[in-house]
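Everything below concerns the one structure shown next.
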Amino acid sequence: GAVVSQHPSRVICKSGTSVKIECRSLDFQATTMFWYRQFPKQSLMLMATSNEGSKATYEQGVEKDKFLINHASLTLSTLTVTSAHPEDSSFYICSARDSGGAKNIQYFGAGTRLSVL
Amino acid sequence: DAKTTQPPSMDCAEGRAANLPCNHSTISGNEYVYWYRQIHSQGPQYIIHGLKNNETNEMASLIITEDRKSSTLILPHATLRDTAVYYCIVRVLYGNTGKLIFGQGTTLQVKP
């Protein structure tokens, strides 16, 4: 299947700092990318949908000023967690939809584990 | 998108077929059934999807009932590496409304 690369895989930061997570579709173009968050022993929760060249659409309860999403090209989306606090510690997973493929499948990155001290 | 119901957990003996059920009684005519799995601490992996016909690929088979209200994912010869959480999701194929919304899934434990 298609490859979605997510970087970094793990990050530890101090409270109050900002963290940027990159998500790249390596062998396909993705006009739509998604960001999820997963807490321990829970399922994935969709945070936002980003469309290339336009503003992201955030799910209810997700602070758009805290979780900044940029989808500047057809292969790259970034999530910036601004002024991170310990409660933001979680597993963040990006996903990209292969809009050029007939099956329109959504592929996932390996995830980024964020720990805020 | 329609909701799905899956058993929270299942066991399967290594080498045997694993049959994972999913109920989606409110599925709409244009919604597909997707299956993903998540191995511990990794991102979800696409397995298979279908609309109304049975589907098979190198990983699994998907059996969808004629009324489309339920489906079964079949792993023909389960191995220890198939231990994971399996998610059944329904969504439209195209369009901005086609978001993958994850439920709690089924934790499949393959035992030697």
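Just so it is clear: chains get the letters A, B, ... in the order the sequence lines come, proteins before strands, and each one is counted from 1.
- Residue Gln38(B) touches chain A through its side chain alone, counting heavy-atom pairs closer than 4.5 Å.
- The choice from Phe108(A), Phe91(A), Tyr36(A) that makes the most heavy-atom pairs within less than 4.5 Å of chain B is Phe108(A).
- Geometric assessment of Arg91(B) against the ring of Tyr34(B) yields a positive cation-pi assignment under the 6.0 Å and 45° thresholds.
- Among Val4(A), Thr57(A), Leu44(A), the residue making the largest number of heavy-atom pairs under 4.5 Å with chain B is Leu44(A).
- Arg68(B) and Glu66(B) are not joined by a salt bridge, as no carboxylate oxygen comes within less than 4.0 angstrom of a charged side-chain nitrogen.
- Donor-acceptor pairing under 3.5 Å is lacking for the side chains of Ser28(B) and Asn30(B).
- Between the side chains of Ser43(A) and Gln104(B), no donor N or O sits under 3.5 Å from an acceptor N or O.
- At a 4.5 Å heavy-atom cutoff, Gln6(A) makes no contact with chain B through either its backbone or its side chain.
- The cluster map of Ile, Leu, Val, Met, Phe, Trp and Tyr, joined by side-chain heavy atoms under 4.5 Å apart, puts Leu68(A) and Phe34(A) in different clusters.
- Both the backbone and the side chain of Ser41(B) come within contact range of chain A, with heavy atoms under 4.5 Å apart.
- A tilted orientation is assigned to the rings of Phe28(A) and Tyr107(A), their planes being inclined by 30° to 60°.
- Interface residue Ile93(A): only side-chain heavy atoms are found under 4.5 Å from chain B.
- With chain A as partner, the option from Gly103(B), Gly105(B), Pro44(B) having the largest number of non-hydrogen pairs under 4.5 angstrom is Pro44(B).
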